[in-house]
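For reference, the structure is listed below as structure tokens.
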Amino acid sequence: MKHRTHLEEKLIAAINADGPITVERFMETCLGDPEHGYYMGKDPFGRGGDFITAPEVSQMFGEAIGVWFASAWMMMGKPPKVNLIELGPGRGTLMADMLRASKVIEEFAAAIEVHMVEMSPALRKAQGEALKGVPVDVHWHQRFEQVPAGPCVIVANEFFDALAMKQVMRVGDNWFERMVEVDENGDLVFGLADEPMAKADLPIWIRKATDKATEGDIAEFSPQRMAMAERIGTYIKRHRGVGLFIDYGHVSSFAGDTFQAVRKHKFVDTLHLPGQSDLTSHVDFEALEEGFEAGGAQVFGPRTQRGFLIAMGLREREASLRKSAKARERIMVSRQAERLIGEKQMGNLFKVLAVTDGTLDEPHPFGLPDGVQETGAK
Ligand code: SAH
């Protein structure tokens with residue numbers, strides 16, 4: 001008999017009882033099911049895990065962001081207490097690197113109170129280990145809404161891509177929501193909703209794209225990501241501060257199927273072994289911008305990760321790390337830098353978006369002249 005994961009059994013039973021579920025519900029359950037969800041039980045990052053994120057590639061990533069926040073804090077007028085908030089902090093590596101780098105400005109380091117927003121008990125534990133001995137107070141929250149009020153600097157790396165999204169397929173003149181159902185062999189398969197999605201429930205860009213789309217095209221949108229961006233935008237606007245959001249995705253909305261599953265550093269089928277592979281999709285930065293702005297915040301960028309990191313002095317940091325390293329480590333340092341900024345690696349696919357409360361000047365390095373599109377940004 002075919003091997004099925006616990007979560008697969010659970011999903012099949014639920015669909016047999018109540019009917020097909022949306023791709024959104026499927027994604028959310030695979031990642032966040034309290035018992036069998038992907039992030040719940042284990043540590044999926046790093047070489048031995050399923051994928052590697054930028055902070056796990058090199059300390060240079062977190063250091064650059066720590067320095068960016070130190071200068072943002074000065075622009076904010078140096079509030080004596082600042083909430084350093086991270087959403088979806090993974091192993092805690094980014095936070096540890098940022099805190100180390102923040103020491104370049106002692107007053108900033110002394111003002112920090114850390115708030116980690118993490119739903120996974122296993123990852124909270126890993127984060128606790130990573131932050132053992134840091135000289136600041138660290139608090140954990142299940143949800144962003146639980147973070148106390150106050151001036152803030154907020155960071156999230158590869159957080160939005162892990163929030164669930166919806167898919168719709170063009171059939172005739174309509175868009176039908178994509179569903180997950182059970183076929184005659186008892187296996188999970190993709191299907192479509194019986195009725196087309198109401199026009200009012202589709203984002204305007206998809207409605208406008210209907211004429212250009214061909215039969216069978218897929219478009220994605222994420223009410224959950226937009227709602228989260230709006231909540232963060234509202235917080236930043238109300239309590240003053242800045243945010244920096246890094247993710248892989250595209251600058252403008254367009255139709256396409258980017259739903260993907262990764263397991264042990266390889267792409268696998270999105271319906272394969274539910275709960276045991278990482279499910280994500282590209283982040284639509286245009287939609288995210290709308291969400292932050294709906295909360296009243298101001299948005300700068302996005303820039304490519306490459307453009308952002310180079311402007312933040314990654315090359316100089318690479319040179320100084322090389323200087324203090326042994327020969328073999330020197331090659332490693334350069335390889336890691338290349339991985340972060342290489343045009344065919346993370347450099348162009350990943351984007352960095354800055355958000356402020358609207359009272360601050362344009363933060364460095366987001367001051368590209370009007371109408372200038374960064375090379376490689378798509
Ligand atoms: N930022 C880390 C990890 C990225 S993976 C890094 O760059 O290495 C996504 C992270 O978001 C995980 O820590 C996961 O547990 C967390 N997460 C996903 N959905 C969440 C939600 N709805 N609320 C809180 N945390 C969430």
Side-chain angles (χ1 to χ4, degrees), residues 11 15 19-31 158 160-184 187-230 247-263 266-272 274 277-291 294 302 304 344 346 348-351 353 373-374 376-378:
L11 285 164
I15 293 170
I21 56 171
T22 60
V23 163
E24 180 184 41
R25 181 94 194 95
F26 175 78
M27 184 172 175
E28 182 175 66
T29 309
C30 288
L31 294 176
E158 289 209 52
F160 281 100
D161 69 2
L163 299 183
M165 51 99 202
K166 287 181 174 294
Q167 286 193 322
V168 288
M169 187 184 276
R170 162 115 197 247
V171 182
D173 286 335
N174 287 307
W175 294 90
F176 287 75
E177 181 153 18
R178 214 166 175 219
M179 313 291 287
V180 175
E181 48 192 49
V182 176
D183 70 4
E184 60 276 14
D187 293 324
L188 294 175
V189 289
F190 285 113
L192 293 180
D194 295 335
E195 300 288 329
M197 188 173 269
K199 292 248 168 3
D201 292 335
L202 288 166
I204 292 172
W205 74 265
I206 295 185
R207 278 187 260 163
K208 282 192 180 152
T210 309
D211 296 339
K212 282 170 260 158
T214 29
E215 187 81 4
D217 273 0
I218 287 175
E220 299 170 342
F221 66 101
S222 173
Q224 292 193 17
R225 291 176 192 172
M226 291 230 355
M228 179 60 82
E230 183 172 345
D247 233 303
Y248 81 116
H250 38 268
V251 176
S252 332
S253 309
F254 65 88
D257 178 3
T258 73
F259 194 26
Q260 69 173 43
V262 171
R263 183 172 153 79
K266 289 205 176 74
F267 288 108
V268 295
D269 190 283
T270 43
L271 298 180
H272 181 63
S277 63
D278 183 42
L279 292 179
T280 58
S281 75
H282 281 215
V283 171
D284 176 351
F285 277 87
E286 194 174 345
L288 220 54
E289 252 175 71
E290 240 176 74
T304 61
K344 295 221 160 67
M346 300 175 100
N348 283 343
L349 181 58
F350 281 75
K351 312 289 185 303
L353 189 76
Q373 171 92 344
E374 195 171 15
K378 261 205 304 245

Within the structure provided, determine whether Phe259 and Met27 are in side-chain contact (heavy-atom separation under 4.5 Å).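 Yes, their side chains come closer than 4.5 Å.
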With a 4.5 Å limit on heavy-atom distance, are the side chains of Leu11 and Thr29 in contact?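 Answer yes - side chains close enough.
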Has the side chain of [X] got a donor or acceptor atom that lies under 3.5 Å from a matching backbone atom of [Y]?
| X | Y | result |
| --- | --- | --- |
| Asp183 | Val189 | no |
| Asp217 | Thr214 | yes |
| Lys351 | Leu349 | yes |
| Arg207 | Lys199 | yes |

How far does OG1 of Thr22 sit from CE of Met165, to the nearest 0.5 angstrom?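 Answer for the OG1-CE pair, Thr22 versus Met165, is 10.0 Å.
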Would you name the heavy atoms of Glu286 and Ser252 that are closest together and state the gap between them?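 Result for this residue pair: OE1-CA, 3.1 Å.
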Looking at Pro196 and Phe176, what are the two nearest heavy atoms and their distance?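 Smallest heavy-atom distance, with atoms named: N-CE2, 3.4 Å.
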Looking at Asp211 and Lys208, is there a salt bridge between them, counting it only when a charged N and a carboxylate O are closer than 4.0 Å?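 Here Lys208 does not pair with Asp211 in a salt bridge, since their nearest N and O are not under 4.0 Å apart.
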List the steps, then state whether side chain to side chain contact (heavy atoms under 4.5 Å, CB included) holds for Lys166 with Val23. CA-CA 6 Å; Lys166 287 181 174 294; Val23 163; over 6 Å; no
Could I get the full list of side chain to side chain donor-acceptor pair (under 3.5 Å) partners for Asp257, not counting sequence neighbours?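 Partners of Asp257 by the side chain to side chain donor-acceptor pair (under 3.5 Å) criterion, ordered by chain and then number, come out as Gln167.
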